There are 2 protein chains.
Amino acid sequence: MVRAKRATLKSIASDLGVTHTSVSNAYNNPAKVSKELRERIFAHARAVHYDGPHPAARSLRTGRCGAIGVVFNDPLSYAFTDPHDLAFLRGISTVCEEEGANLVLIPLNAREPERLDTLTAMVDGYIFNAPYRSHPAIRKALARGLPTVVVDFDAPDHASVLTNDREMMRTVVAHLLALGHTKVAIVTFPHAEGWGEIVALDADFSDENYVVHERVMGCREAFDAAGIAQGGILVCETMNSEEGGRSAVDRLLERRPDLTALACFSDRLAFGAVAQCEARGLPVPNRMSVTGFDGIDPPGGRAGAPELTTVRQNALEKGRRAAEFLLREDRARPAQISIAATFVNGRTSATAWGASGR
Amino acid sequence: MVRAKRATLKSIASDLGVTHTSVSNAYNNPAKVSKELRERIFAHARAVHYDGPHPAARSLRTGRCGAIGVVFNDPLSYAFTDPHDLAFLRGISTVCEEEGANLVLIPLNAREPERLDTLTAMVDGYIFNAPYRSHPAIRKALARGLPTVVVDFDAPDHASVLTNDREMMRTVVAHLLALGHTKVAIVTFPHAEGWGEIVALDADFSDENYVVHERVMGCREAFDAAGIAQGGILVCETMNSEEGGRSAVDRLLERRPDLTALACFSDRLAFGAVAQCEARGLPVPNRMSVTGFDGIDPPGGRAGAPELTTVRQNALEKGRRAAEFLLREDRARPAQISIAATFVNGRTSATAWGASGR
DNA sequence: CCGCTGGTGTTTAACGTTAAACCTGCCACT
DNA sequence: AGTGGCAGGTTTAACGTTAAACACCAGCGG
């Protein structure tokens with residue numbers, strides 16, 4: 001069967017002997033068309049399988065298209081496995097559903113970061129999730145001049161949704177210090193392209209990744225306040241997954257077998273770290289304290305998994321607010337939205353092994 | 001700062017004293033433009049923050065837009081919590097990343113299913129995930145005439161990606177029967193809008209939902225083969241979640257306290273059912289056998305969760321194949337792709353309590 | 001010297017909409 | 001009777017692009 005040429009406003013109009021504008025109005029300005037004509041138009045539209053104005057044409061004319069684009073640093077296939085990213089997406093999708101907007105997931109070409117074809121998508125605005133500061137995508141989005149909101153990132157010219165990362169990480173480290181831990185290491189996900197090193201806390205940390213930078217600063221502040229030299233604190237950078245957490249434990253203990261606490265920058269890292277410590281005969285929290293960040297549901301579920309000492313942040317709310325900013329608010333001026341996280345004193349942190357009072 | 005009017009092919013052309021076609025060619029047909037001119041064009045484009053042809057205009061002209069749309073029956077916020085749906089999305093996104101296509105998630109308005117505005121999105125094709133047969137969206141997609149592939153659904157006029165649901169469910173029930181179970185109940189997710197009943201297996205089941213229908217047929221075949229009357233087998237319909245599984249156990253045991261096995265149509269239902277059985281003092285598998293369907297990672301993770309007797313299907317592969325069909329293959333004729341699932345004999349099924357040999 | 005070919009660039013005509021301005025009749029108000 | 005407003009249309013001009021056809025020039029083989 002040869003599919004007939006698609007019907008258009010024009011074809012319908014000439015079929016019915018009216019102007020195409022009237023047909024357009026039937027769809028967009030019902031008040032401007034008599035009820036009778038409107039019904040004739042819709043009836044005929046149904047008959048010829050016309051399903052409403054062509055989205056590209058409409059979008060070209062109106063400059064809007066009813067969709068928002070979401071850009072991640074990492075491949076989408078990663079985002080779909082990360083509980084934090086998923087909660088974030090859920091927040092966005094909730095608003096999209098309420099507003100009747102489509103949600104465009106924009107994959108970046110990992111191999112050729114300069115090729116940003118997919119970024120030039122039909123969207124009314126962008127949500128960037130924790131982009132690297134120098135990523136070309138963020139510059140391109142700026143150039144395009146569409147409303148943009150960045151999440152977990154500070155961009156003075158754009159709206160942003162942030163968490164009090166620095167303060168929270170300071171709180172976590174202070175918590176560990178209060179428990180008598182002095183041999184603490186930090187486990188972080190990548191802070192820039194090309195990562196993987198173990199360095200001292202006083203090393204240079206680029207601010208490519210806002211979140212890592214802020215949390216590192218929080219750690220520094222806490223150690224400084226306690227008078228502990230940053231040079232003695234190791235920071236291990238690894239991929240953000242349970243596996244990354246496990247390998248971090250091995251690498252860190254090789255250098256510092258006497259560690260008593262690990263401050264991880266995500267719950268996934270922390271769950272991996274807990275598992276590996278236990279596997280190595282270092283029960284948590286008796287011999288090793290482990291803290292996380294995010295407050296996600298553990299991969300081990302409520303069933304038997306350790307209740308993590310962590311920072312609970314509301315990723316869903318972040319998504320909501322970002323999407324609401326694009327779809328609902330007056331986007332004339334950048335807004336800085338801050339969503340406070342809370343410290344959760346769980347069961348994976350305890351008095352330091354060998355500390356006074358033990 | 002007042003943002004200058006957006007640059008266009010035309011404005012760039014007139015700035016440079018050439019035709020807009022040449023500028024267009026610089027982007028789309030590099031061979032048709034001298035290297036020198038091309039560089040002048042790109043240099044100027046950068047200067048005026050032109051980031052390439054306007055997607056809507058291009059799409060209007062070419063009829064393509066480099067994106068595929070994914071439609072779920074349920075709200076997106078549900079899909080983002082369901083392991084099966086997530087694996088499916090991951091499969092799709094992998095292909096999108098490889099092909100440089102955008103991924104449009106199309107939310108359906110749950111309250112007003114007749115309002116399908118979001119469906120008229122700028123996409124080159126649709127992937128429908130397990131739609132209800134009579135859902136207006138599927139009709140509208142047809143009307144629009146775009147390439148469409150349905151997953152877990154049989155639509156003669158469209159490409160489809162299916163699993164051997166019927167055969168697998170027959171296998172599961174046969175497995176239970178072989179273990180001596182005769183007092184078996186079935187737990188399913190909704191098979192149509194407006195659900196929630198407990199009915200006998202020989203009741204009328206609409207084929208609104210292809211998957212439920214096929215699996216029910218598989219169960220019937222297995223019971224028939226064993227000479228067990230369908231009228232004595234209960235089917236409990238509930239929402240597809242752990243909570244749904246838990247409530248199903250309560251509702252079923254109220255009617256049939258002597259049940260010894262539950263065949264669930266999803267792993268999520270099964271995990272909930274296992275939890276609730278244990279909570280009610282019916283250890284699995286000693287007093288109650290429970291089977292699932294999907295082969296997902298348990299919400300309880302590898303840590304301590306029961307290894308489910310289930311059917312492992314490859315949702316990721318389903319997503320891959322569906323997306324590949326739209327983005328890579330010759331879509332001239334509908335393709336029927338079938339992805340075989342496999343039976344997994346886990347630890348949640350055992351010889352029936354009270355059966356011979358016990 | 002002719003016609004052919006390849007490399008560059010131009011002209012023109014869509015693609016399917018919507019917004020703005022305008023027209024026409026009819027009714028109501030002063 | 002004149003004026004204003006409204007309901008229900010119509011006309012016209014974009015929106016920013018790409019595809020097709022055509023023009024021009026150089027080089028080249030015959």
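Letters A, B, ... mirror the listed sequences (proteins, then strands); counts begin at 1. The model shown is predicted, which means the values in this text are computed figures rather than measured ones.
In this structure, Ser34(B) reaches the sugar-phosphate backbone alone: every heavy-atom distance under 4.0 Å involves primed, P, OP1 or OP2 atoms, never a base.
In terms of modelled atom types and a separation under 3.5 Å, the side chain of Ser206(A) and the main chain of Glu208(A) share a donor-acceptor contact. No side-chain donor-acceptor contact under 3.5 Å links Ser24(A) to the backbone of His20(A). Of the possible donor and acceptor atoms, none in the side chain of Glu99(A) sits under 3.5 Å from a partner among the backbone N and O of Arg328(A).
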* Structure fact -> Whether each nucleotide of nucleotides 15-22 of chain C has a protein heavy atom under 4.0 Å at its base (B), only at its sugar-phosphate (S) or at neither (-) is summarised, 5' to 3', as BBBBB---
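DNA chain C is contacted by no residue of residues 39-47 of chain A, taking any non-hydrogen atom closer than 4.0 Å.
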* **Met122(B)/Leu60(B) under side-chain contact (heavy atoms from CB on, under 4.5 Å): CA gap, chis, key distance, verdict** => CA-CA 10 Å; Met122(B) 275 179 286; Leu60(B) 174 60; over 6 Å; no
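The shortest distance between side-chain heavy atoms of Pro107(B) and Asn102(A) falls below 4.5 Å.
Below 30°, between 30° and 60°, or above 60°: for His84(A) and Phe88(A) the angle between ring planes is below 30°, a parallel geometry.
In this structure, Tyr132(B) has its ring center at least 6.0 angstrom away from the ring center of Phe153(B).
There is no side-chain donor-acceptor pair under 3.5 Å between His135(B) and Asn73(B).
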